[in-house]
Amino acid sequence: MSDTRFDPSTADGRWQRAWGEAGSFVADSDSDKPKSYILEMFPYPSGRIHMGHVRNYTMGDVLARYKKMRGHEVLHPMGWDAFGMPAENAAMERGVHPGEWTRSNVEAMKAQLKRIGFALDWTREFATCDPEYYGHEQALFLDMYEAGLVYRRSSEVNWDPVDMTVLANEQVIDGKGWRSGAEVEKRKLDQWFLKITDFAGDLLEGLGDLEDWPEKVRLMQENWIGKSQGLEFSFDLSSGEQLPVYTTRPDTIFGASFVAVAADHPVAQSLAAQSEDVRAFIEKCKRGGTTAAELETAEKLGYRTAITAKHPFTGEPLPLFIANFVLMDYGTGAVMGVPGHDQRDFEFATKYELPIARVVASDPADADKPFTGEAESGDGMVVNSDFLNGKSVEEAKAEVITRAERDGWGEGTTVWRLRDWGVSRQRYWGTPIPFIHCDTCGVVPVPKAQLPVELPENIDFAEPGNPLDRHATWKHTTCPKCGGEAQRETDTLDTFTNSSWYFLRFASQPENRPFDPEEVAKWLPVEHYIGGVEHAILHLLYARFWTHALARMGMLDVKEPFAALFTQGMVTHETYALGDGSWLSPDEVRRDGEDYVHIESGTPVTTGRVIKMSKSKKNVVDPDAIIERYGADAVRWFMLSDSPPERDLPWSESGIEGCWRFVQRLWRLFDQIEPAATGEDKVLARKAHQAIVAVAEDIEALSFNKAVARIYELTGAAEKAERSLDRNFAIRTIMHLIAPMMPHIAEEAHARIGTGDLIVDEPWPEHDPAMLVEDEVTIAVQHKGKLRDTLTAPKGAAKDDLEALALASEKVQRSIDGATVRKVIVVPDRLVNIVT
RNA sequence: GCGGGUGUGGCGGAAUGGUAGACGCCGGGGACUUAAAAUCCCCUGAUCCUUGAUCGUGCGGGUUCGAGUCCCGCCACCCGCACCA
């Protein structure tokens with residue numbers, strides 16, 4: 001070949017078209033080959049691909065292409081998580097229809113992905129806003145309703161009175177709506193719920209099998225599900241009522257000195273009905289903030305009622321409080337207060353001068369030891385507790401539960417932190433909930449034959465509120481049961497439902513139902529699922545829930561959809577700011593020696609921390625501009641180099657230039673294949689065989705940065721070597737090893753120096769096991785653990801020989817300096833350590 | 001507060017208990033060139049009495065012939081959850 005430079009501006013597109021025409025990445029579910037389903041979390045079509053997407057999809061792409069070379073039939077699909085708020089915001093701000101906005105973003109982003117050369121099966125592409133997709137979702141929702149997993153109840157929500165919509169907790173900032181700035185109200189609305197709590201145990205247990213998930217994510221989900229075991233029992237109140245409470249520390253029951261209920265507990269509410277003071281107190285509780293900082297410093301507040309609660313063992317009357325720190329939606333909304341062994345109770349008791357009794361001590365002799373300003377929640381022996389005295393905490397827990405159950409006043413229970421999933425959203429751009437409200441028949445499901453319930457196109461965002469609700473005709477329909485006048489449900493489903501089953505639809509796309517279980521079984525579970533850790537709980541828990549639920553409903557055989565999960569780090573960049581604190585983008589600054597200056601004004605720029613690329617900090621680099629300049633392969637290589645994939649990757653101009661230089665280095669090397677070359681180069685051949693094995697291992701372990709380093713090493717060695725048959729082999733090997741990572745230059749080289757059609761259809765190179773073994777090794781010689789010399793010895797040399805060689809070393813003798821050799825440790829093929 | 005992670009040159013990072021710093025970036029020197037770009041070669045942890053030696057993987061101990069790696073105790077930073085009874 002004569003070209004001295006690899007030109008991605010022509011080559012990239014040529015090979016992308018070639019793969020497209022050959023259908024190289026179309027997955028065949030009828031193939032006999034072993035199957036690999038490689039999936040990256042599908043993007044929200046926000047408008048443009050960012051570097052985070054590029055990194056995410058490059059990792060998946062390397063795996064997909066590698067698996068294909070390894071003889072697997074690979075499913076590597078792409079689609080669009082296309083419902084959501086930004087589309088409605090665009091509609092409100094710019095008057096574009098959300099659908100139109102979304103679809104044009106999809107087109108733009110698809111073109112961008114294609115320019116990066118990802119090995120995607122575009123024949124399976126869909127967007128969740130396609131009526132075909134959300135229609136099937138509606139069908140699944142109805143199936144779940146049939147199975148008793150969907151219900152409706154009234155629930156408190158954040159209501160923005162100006163925008164007339166429900167806000168997510170994240171959208172409430174300092175008690176105000178994030179868009180309108182209006183004071184957010186708490187409102188009770190009828191909402192649809194999915195019964196995820198029915199699966200709390202299954203979802204927790206299932207985590208145990210997910211060995212290839214990051215420990216961190218498993219723990220986050222475990223904590224989120226929040227299993228706790230304890231005793232639920234009822235106090236007899238002096239008012240004649242029963243008050244159920246829940247405790248995880250029944251062993252401390254003799255230390256209880258008060259009972260407290262939440263402000264919105266029925267007992268508190270009924271007291272409020274009679275007393276102005278109680279009403280005022282409850283109001284005060286509700287005003288308390290809920291941010292972390294506020295909770296940290298929040299004062300414990302209590303209102304002492306005239307009611308007392310009878311202790312189940314001692315019969316003593318305990319005062320009943322209404323307290324701000326008791327939560328209505330955990331346990332029973334009421335607690336027994338044991339100040340000695342719970343920090344909150346301790347603070348509360350101190351403030352309201354309640355007795356603080358010790359009922360657990362590290363030693364029985366310390367039964368009367370005073371507290372040192374805080375509760376002791378640790379383990380120990382139970383004291384001052386009648387029949388429990390002398391028992392361990394664990395024994396005492398069991399004993400109290402046994403007695404409560406025997407005497408019928410309480411029982412051991414499991415309480416979960418996990419709440420049912422409220423899926424109602426008062427929004428337009430989502431999956432319409434397929435139900436009809438009939439005055440006569442109540443809430444009636446839409447018959448499946450009438451699905452999809454499609455969103456109306458002609459909508460109006462000029463006014464705040466849900467456009468579906470005020471649409472002139474859309475919601476008016478007839479009741480499927482009685483045929484009378486009825487109204488459609490105008491709420492739509494939370495967008496997280498869309499991403500809870502999309503991986504099933506990628507695997508199987510029948511027209512008449514959501515998926516075909518047999519087809520799904522061919523591909524699932526997903527072999528590698530790659531995405532950001534920000535989805536560790538919500539998306540990943542919901543997707544597991546849907547899969548478990550569909551399995552329990554008999555619609556699927558898989559329970560866990562993702563066999564292995566990988567959470568990749570973010571792409572970060574330095575930040576630049578002017579003296580007045582305003583941020584500058586990387587292309588507004590110029591390097592001036594060690595420092596940076598603002599190009600326009602020439603004023604010095606302060607460089608800030610290396611943080612995630614974000615528009616607000618202006619430290620964003622647009623992938624398109626980089627690809628335009630350096631080509632897809634250099635960008636892909638950068639995404640894989642240096643940082644381990646789970647850590648953050650700092651973007652740098654010099655880094656991408658280094659990658660570009662390497663692309664050109666490879667190009668020159670590929671040009672050095674010498675058809676007439678003869679002779680061998682065993683050392684280089686060995687390195688090539690070793691690299692074949694090592695790079696494969698690194699890719700399989702997702703240690704792309706190490707694979708990259710190996711390829712650099714082999715490239716360096718091949719460049720320096722004399723022409724030989726083995727050198728030709730090494731060069732062709734490099735071409736194959738880089739194929740999953742830099743597929744364009746690999747194809748271009750393959751067309752010239754390879755055999756066969758496309759390199760994407762080539763197998764991973766074979767290695768010769770005999771060539772992995774070195775015949776000479778470097779032995780380190782230590783004296784008292786410190787390196788003194790190195791020597792070369794034949795592989796597998798006898799221990800005695802190595803010892804003799806080591807002692808013969810002049811440097812070693814100088815270090816020993818005549819001392820008596822007491823011991824010699826020989827590690828074959830590695831080192832000799834002489835101890836004096 | 002609870003849970004988890006990370007800490008190695010100027011920077012990103014390598015290193016089955018066995019030669020710490022592979023590989024990349026930055027920097028320095030040189031070659032080629034009228035010059036520049038590109039490319040190639042060499043150097044690049046610190047210190048010193050520089051043919052060599054000493055120190056060096058957040059800090060302090062320990063185990064070991066040998067510790068970045070294992071154990072104990074700290075520190076710092078990052079992330080998640082959090083008045084969860």
Side-chain angles (χ1 to χ4, degrees), chain A residues 4-5 214-224 226 228 230-231 245-249 252 260 262 288 290 292 294-296 298-301 323-327 329-338 341-345 347-348 374 377 415-417 533-534 536-537 572 594 610 637-638 641-644 646-659 661-662 664-665 668 703 705-716 719-720 778-791 811 814-815 822-827 829-836:
Chain A
T4 51
R5 274 161 84 95
E215 183 68 15
K216 177 189 164 102
V217 175
R218 276 155 51 185
L219 281 162
M220 281 166 72
Q221 291 209 356
E222 194 179 314
N223 293 337
W224 187 263
S228 101
L231 172 71
V245 299
Y246 170 74
T247 178
T248 55
R249 293 295 302 273
T252 62
T290 49
E294 284 169 313
L295 292 177
E296 196 72 36
E299 201 181 358
K300 303 281 174 286
L301 295 176
N324 66 341
F325 69 91
V326 181
L327 305 174
D329 62 354
Y330 186 79
T332 61
V335 296
M336 70 169 190
V338 184
H341 306 284
D342 180 282
Q343 186 57 29
R344 290 159 311 188
D345 296 350
E347 288 168 29
F348 191 80
E374 56 180 19
S377 54
V415 167
W416 305 87
R417 207 192 78 107
V533 74
E534 66 274 17
I537 297 177
T572 58
E594 293 284 281
V610 180
W637 191 248
F638 185 98
S641 303
D642 296 346
S643 290
E646 68 278 7
R647 287 206 218 163
D648 289 350
L649 173 69
W651 176 268
S652 71
E653 192 64 29
S654 49
I656 185 68
E657 272 166 15
C659 295
R661 279 200 298 272
F662 184 61
Q664 298 305 333
R665 246 175 91 188
R668 289 190 296 273
S703 299
N705 56 321
K706 292 191 218 169
V708 163
R710 300 256 183 213
I711 291 170
Y712 271 118
E713 261 175 292
L714 182 59
T715 303
E719 283 169 337
K720 287 185 181 71
T778 307
I779 306 286
V781 185
Q782 298 177 334
H783 173 217
K784 293 200 284 194
K786 281 185 179 160
L787 183 74
R788 294 296 153 185
D789 201 1
T790 57
L791 46 92
K811 287 176 186 170
R814 205 185 313 142
S815 175
R822 290 193 295 133
K823 198 173 175 187
V824 179
I825 287 127
V826 182
V827 182
D829 296 336
R830 291 224 78 128
L831 63 65
V832 180
N833 188 11
I834 294 155
V835 186
T836 57

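Per chain, numbering begins at 1; letters A, B, ... match sequence-line order. Computed from a predicted model, the values in this text were never measured in an experiment.
- Judged by Watson-Crick or G-U wobble contacts below 3.5 Å, the nucleotide B/A53 has B/U47 as its partner.
- Taking only side-chain atoms of A/Y712, from C-beta outward, the nucleotide of B/U16, B/C23, B/C83 with the closest atom is B/C23.
- Among the protein residues, A/S652 comes within range of no part of the nucleic acid, since none of its heavy atoms lies under 4.0 Å from any strand.
- For A/A709, counting side-chain heavy atoms from C-beta on, the closest listed nucleotide (B/C65, B/A22, B/U19) is B/A22.
- If you check every strand for non-hydrogen atoms under 4.0 Å, A/Y246 touches a base.
- A/Q782 comes within contact range of at least one nucleobase, with a heavy-atom separation under 4.0 Å.
- Using a 4.0 Å heavy-atom criterion, one finds that A/R647 contacts the sugar-phosphate atoms exclusively.
- Between A/R788 and the phosphate of B/U54, there is a side-chain N or O to OP1/OP2 separation shorter than 4.0 Å.
- In terms of phosphate contacts, A/R344 brings a side-chain nitrogen or oxygen within less than 4.0 Å of OP1 or OP2 of B/C84.
- For the pair A/K786 and B/C55, the criterion of a side-chain N or O lying under 4.0 Å from OP1 or OP2 is met.
- Residue contacts for A/V827: at a heavy-atom cut-off of 4.0 Å it reaches a base atom on one of the strands shown.
- A sub-4.0 Å separation between OP1 or OP2 of B/C65 and a side-chain N or O of A/K823 is present.
- Counting only heavy atoms from C-beta on, A/S643 has its side chain closest to B/G12 among B/C65, B/C83, B/G12.
- Heavy atoms of A/G658 sit under 4.0 angstrom from primed sugar atoms or phosphate atoms, though from no base atom.
- For A/R665 and B/A38, the CZ to P distance is 15 Å, given to the nearest whole Å.
- A/R218 has its CZ atom 18 Å from the P atom of B/G3, to the nearest Å.
- Rounded to an integer number of Å, the gap from CD1 of A/I779 to P of B/G66 is 20 Å.
- Within the structure, a side-chain polar atom (N or O) of A/K706 is placed less than 4.0 Å from OP1 or OP2 of B/A15.
- Contact check, A/R710 against B/A14: no side-chain N or O comes under 4.0 Å of OP1 or OP2.
- In this structure, of B/G13, B/G18, B/C79, it is B/G13 that holds the atom nearest to the side chain of A/N705.
- Listed nucleotides B/C40, B/C23, B/G18 differ in distance to A/N833; the shortest reach to its side chain belongs to B/G18.
- Classification of the A/F638-A/W651 ring pair by plane angle, with boundaries at 30° and 60°, yields tilted.
- Distance CD (A/E215) to C1' (B/C79): 15 Å, rounded to an integer number of Å.
- Using a 4.0 Å heavy-atom criterion, one finds that A/T247 contacts the sugar-phosphate atoms exclusively.
- Here A/R661 reaches the OP1 or OP2 of B/C26: one of its side-chain N or O atoms lies under 4.0 Å away.
- For the pair A/K784 NZ and B/U54 P, the computed distance is 10 Å after rounding to whole Å.
- Applying the 90° criterion around 0 to the glycosidic angle, B/G28 comes out anti.
- Picking from B/C83, B/G18, B/C81 the nucleotide with the shortest atom distance to the side chain of A/L327 gives B/C83.
- Within 4.0 Å (heavy atoms only), A/L219 reaches sugar-phosphate atoms of the nucleic acid but no base atom.
- No engagement by A/D342 is indicated, since no non-hydrogen atom pair under 4.0 Å with the nucleic acid exists.
- Glycosidic conformation of B/U50: syn, with the torsion inside 90° of 0.
- One finds a side-chain N or O of A/Y330 lying less than 4.0 angstrom from the OP1 or OP2 phosphate oxygen of B/A85.
- Among the nucleotides B/A20, B/C83, B/G18, the one closest to any side-chain atom of A/F325 is B/C83.
- Pairing for B/C70 goes to B/G62, judged as Watson-Crick or G-U wobble with the two contacts each under 3.5 Å.
- Taking the nucleotide of RNA chain B with the nearest heavy atom to each of A/K720 and A/T332, the more 5' of the two is matched to A/K720.
- A/Y712 and A/S641 form no side-chain donor-acceptor contact under 3.5 Å, judged by distance and modelled atom types alone.
- For A/V335, taking side-chain heavy atoms from C-beta onward, the closest of the listed nucleotides B/C25, B/G80, B/A85 is B/A85.
- Looking at heavy-atom distances under 4.0 Å, A/V326 makes contact with a base.
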